[in-house]
Amino acid sequence: MTLRKGEKMTISIQEHMAIDVCPGPIKPIKQISDYFPRFPRGLPATVGRSGTLRSAVSQPSVSPAEAPRDEDEDVDQLFGAYGTTPAEQPPKYQAPEEVVDPEGYESDDCTTLGTLDFSLLYDQENNALHCTINKAKGLKPMDHNGLADPYVKLHLLPGASKANKLRTKTLRNTLNPTWNETLTYYGITDEDMIRKTLRISVCDEDKFRHNEFIGETRIPLKKLKPNQTKNFNICLEKQLPIDKTEDKSLEERGRILISLKYSSQKQGLLVGIIRCAHLAAMDANGYSDPYVKTYLKPDEDKKSKHKTAVKKKTLNPEFNEEFCYEIKHGDLAKKTLEVTVWDYDIGKSNDFIGGVVLGINAKGERLKHWFDCLKNKDKKIERWHTLTNELPGAVLSD
């Protein structure tokens with residue numbers, strides 16, 4: 001085609017798309033797919049262990065951000081050529097994901113609450129359970145500053161109440177507290193070790209609001225061997241419900257440690273009121289002001305009453321008081337020792353907490369304690385006894 005001087009060549013849009021406008025011979029424009037890797041025809045694709053399709057020939061990889069849309073369509077067509085239906089096509093690209101254990105959610109959640117290091121020792125001879133709270137690690141932040149004010153509290157189940165609650169001191173502004181405190185339950189029997197569970201809770205103390213729960217763990221006491229320390233390092237768990245249907249009427253009254261000894265020198269029965277544990281709370285503040293009374297019955301002259309001092313605001317009082325009843329050894333077989341625990345109140349009647357009766361008409365440990373005292377003169381014998389709501393034939397008034 002010839003052009004006159006001053007005229008410009010006009011090219012249709014169709015022609016423009018079919019030729020390279022650079023000076024020189026006319027060349028077709030390369031397809032975009034020519035710039036990207038393709039599977040050679042005739043080579044089957046292999047599936048790796050990860051489930052993604054790969055070629056038998058090593059090809060350079062291209063990130064999805066760099067690959068144009070046309071290439072995706074071209075690869076889709078290629079997959080179709082090898083008999084892969086769209087439903088069977090693997091994802092074009094997926095970032096590696098963490099393997100999630102379907103049963104591991106709780107474990108991961110526990111880890112976010114923190115771990116607790118502690119040890120337990122059952123002193124069988126002294127009927128004591130020693131709980132040493134060592135430290136916690138990685139506790140869940142509870143305060144606005146990203147820290148917590150943690151403390152540990154203990155309960156014996158069944159029967160969780162203030163009567164058997166023990167707690168450590170509070171440590172301020174830390175997620176990795178170290179307490180190194182030993183908390184002791186007294187009056188723990190072999191029967192308790194079989195059927196009771198120790199609940200250990202970690203909480204955050206808040207001066208202006210209710211204290212907040214962080215996590216807990218529960219240890220069945222039957223896992224412990226007498227007189228052997230067992231160490232634990234356990235992930236804290238979410239709060240578990242407490243069985244409200246259990247009968248705690250007897251359990252919440254408490255325990256009392258009594259010593260008996262018939263003294264040949266004093267010609268009398270020595271009754272020692274050593275301590276009480278896990279007493280029922282009788283006052284509005286959640287505590288009691290306990291004291292103990294003893295009677296040796298029948299008491300015709302009503303002169304056998306003895307009373308300890310009052311211990312203020314406690315459910316685990318220590319008395320360490322001893323009373324002497326002048327009586328011939330042969331007459332003890334006809335007597336009954338009545339021990340009652342009371343809560344002292346000002347301006348109104350004192351509240352009965354619980355009591356126990358020792359004598360030849362008693363049963364179980366109460367009978368055995370009395371019998372051992374009569375059998376072994378001049379030997380002090382200590383035993384823990386459970387306080388009950390009612391005493392047979394007793395007048396429950398102070």
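Below, each value reflects all heavy atoms present in this structure, side chains not excepted, and no hydrogens, waters or symmetry copies.
The cluster map of Ile, Leu, Val, Met, Phe, Trp and Tyr, joined by side-chain heavy atoms under 4.5 Å apart, puts I200 and L156 in the same cluster. Hydrophobic clustering of Ile, Leu, Val, Met, Phe, Trp and Tyr side chains at less than 4.5 Å, counting indirect connections, unites L183 with L116. The hydrophobic cluster containing L120 also contains I234, counting ILVMFWY residues as joined when their side-chain heavy atoms lie under 4.5 angstrom apart, directly or transitively. Cluster membership for L367 and I381, using ILVMFWY side-chain heavy atoms within less than 4.5 angstrom, is not shared. Hydrophobic cluster membership differs between L270 and L257, with clusters built from Ile, Leu, Val, Met, Phe, Trp and Tyr side chains linked at under 4.5 angstrom.
Residue pairs that meet the side-chain hydrogen bond (donor to acceptor under 3.5 Å, both in side chains) test with at least one member in residues 353-370, sequence neighbours left out, are K368-D372, H369-H385.
Using cut-offs of 30° and 60° for the angle between ring planes, the Y262 and H329 rings count as perpendicular.
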CA sep, side-chain torsions, deciding dist, call: Q239, E216, side chain to side chain contact (heavy atoms under 4.5 Å, CB included): CA-CA 6 Å; Q239 192 165 17; E216 71 169 40; 4.1 Å; yes

Intermediate values then yes/no, side chain to side chain contact (heavy atoms under 4.5 Å, CB included), T112 and K140: CA-CA 6 Å; T112 63; K140 179 182 177 181; 5.8 Å; no

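A donor-acceptor contact shorter than 3.5 Å links the side chain of N285 to the backbone of Y287. With D204 contributing its side chain and D143 its backbone, the two residues share no donor-acceptor pair below 3.5 Å. One N or O on the side chain of N350 and one on the backbone of D345 form a donor-acceptor pair closer than 3.5 Å. Distance alone, capped at 3.5 Å, is enough to place a donor-acceptor pair between the N227 side chain and the Q124 backbone. The main-chain N or O of T294 is never found under 3.5 Å from a side-chain atom of K305 such that the two would form a donor-acceptor pair. Under a 3.5 Å cut-off, the side chain of S263 and the backbone N or O of D378 do not form any donor-acceptor pair. Under the 3.5 Å distance criterion, the side-chain polar atoms of S119 are left unmatched by any main-chain donor or acceptor of T229.
Residues R383 and S259 fail the side-chain proximity criterion, which asks for heavy atoms closer than 4.5 Å. Residues C373 and K261 have side chains not in contact (no heavy-atom distance under 4.5 Å, counting atoms from C-beta outward). Residues C235 and L113 have side chains not in contact (no heavy-atom distance under 4.5 Å, counting atoms from C-beta outward). For the pair K380/E382, a side-chain contact is recorded, criterion being any heavy-atom separation below 4.5 Å from C-beta on. By the 4.5 Å heavy-atom criterion applied to side chains, D117 and K137 are not counted as neighbours. At least one side-chain heavy atom of L332 sits under 4.5 Å from a side-chain heavy atom of I327. The closest side-chain heavy-atom distance from T189 to R255 is below 4.5 Å. Annotation: side chain of N176 is not in contact with side chain of K135 (no heavy-atom distance under 4.5 Å).
When all heavy atoms of D283 and S288 are compared, the pair lying nearest together is OD2-CA, 3.7 Å. Residues M282 and I353 approach most closely at CG-CG1, 3.7 Å, considering heavy atoms. Nearest heavy atoms, S304 versus Y295: OG-CA, 3.8 Å. Shortest non-hydrogen contact noted between D192 and G187 is OD2-O, 3.6 Å. The shortest heavy-atom contact between P141 and G146 is CB-O, 3.3 Å. The heavy-atom pair separating F319 from C276 by the smallest distance is CE1-SG, 3.9 Å.
Residues satisfying the salt bridge (charged side-chain N to carboxylate O under 4.0 Å, His left out) criterion with R167, sequence neighbours excluded, are E205. Scored by the ring-ring contact (aromatic ring centres under 6.0 Å, His included) test, F213 finds no partners at all (sequence neighbours excluded). With sequence neighbours left out, the ring-ring contact (aromatic ring centres under 6.0 Å, His included) criterion links Y325 to H306.
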Sequence neighbours excluded and cut-off under 3.5 Å, please list the side-chain donor-acceptor pairs for residues 125-133, or say none.
residue : atom : partner : partner atom : Å
N126    : ND2  : D123    : OD2          : 2.7
N127    : ND2  : I188    : O            : 3.1
H130    : ND1  : T184    : OG1          : 3.0
T132    : OG1  : T182    : OG1          : 3.0

Output a table of donor-acceptor pairs, distance under 3.5 Å, between side-chain atoms of residues 308-316 and any protein atom two or more places apart or on a different chain; print 'none' if there are none.
residue : atom : partner : partner atom : Å
T308    : OG1  : V292    : N            : 2.9
T314    : OG1  : N316    : N            : 3.1
N316    : OD1  : H278    : N            : 2.9

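Here the straight-line distance linking atom CE of M193 with atom CG of L198 works out to 9.5 Å at 0.5 Å rounding. Separating the CG atom in L236 from the CG atom in L139 is a distance of 6.5 Å, to the nearest 0.5 Å. Between atom CG of residue L221 and atom OH of residue Y185 there is a gap of 9.5 Å, rounded to the nearest 0.5 Å. Atom NZ of K334 sits about 13.0 Å away from atom OG1 of T336, to the nearest 0.5 Å. One finds the CD1 atom of I219 at 4.5 Å from the CZ atom of F232 (value rounded to the nearest 0.5 Å). L296 contributes atom CG, which lies 10.5 Å from atom CD of E338 (distance to the nearest 0.5 angstrom).
Side-chain atoms of Y122 and D190 form a donor-acceptor pair, as typed in the model, at a separation below 3.5 Å. For D149 and T170, the side-chain atoms include no donor-acceptor pair closer than 3.5 Å. For the 3.5 Å distance criterion, the side chains of N211 and Y151 qualify, holding a donor opposite an acceptor.
For K293 and Y291, the positive end is not near the middle of the six-membered ring at less than 6.0 Å and at most 45° from its axis.
Sparse packing is recorded around CZ of F371, with 12 or fewer heavy atoms of other residues, nucleotides or ligands lying under 6.0 Å away.
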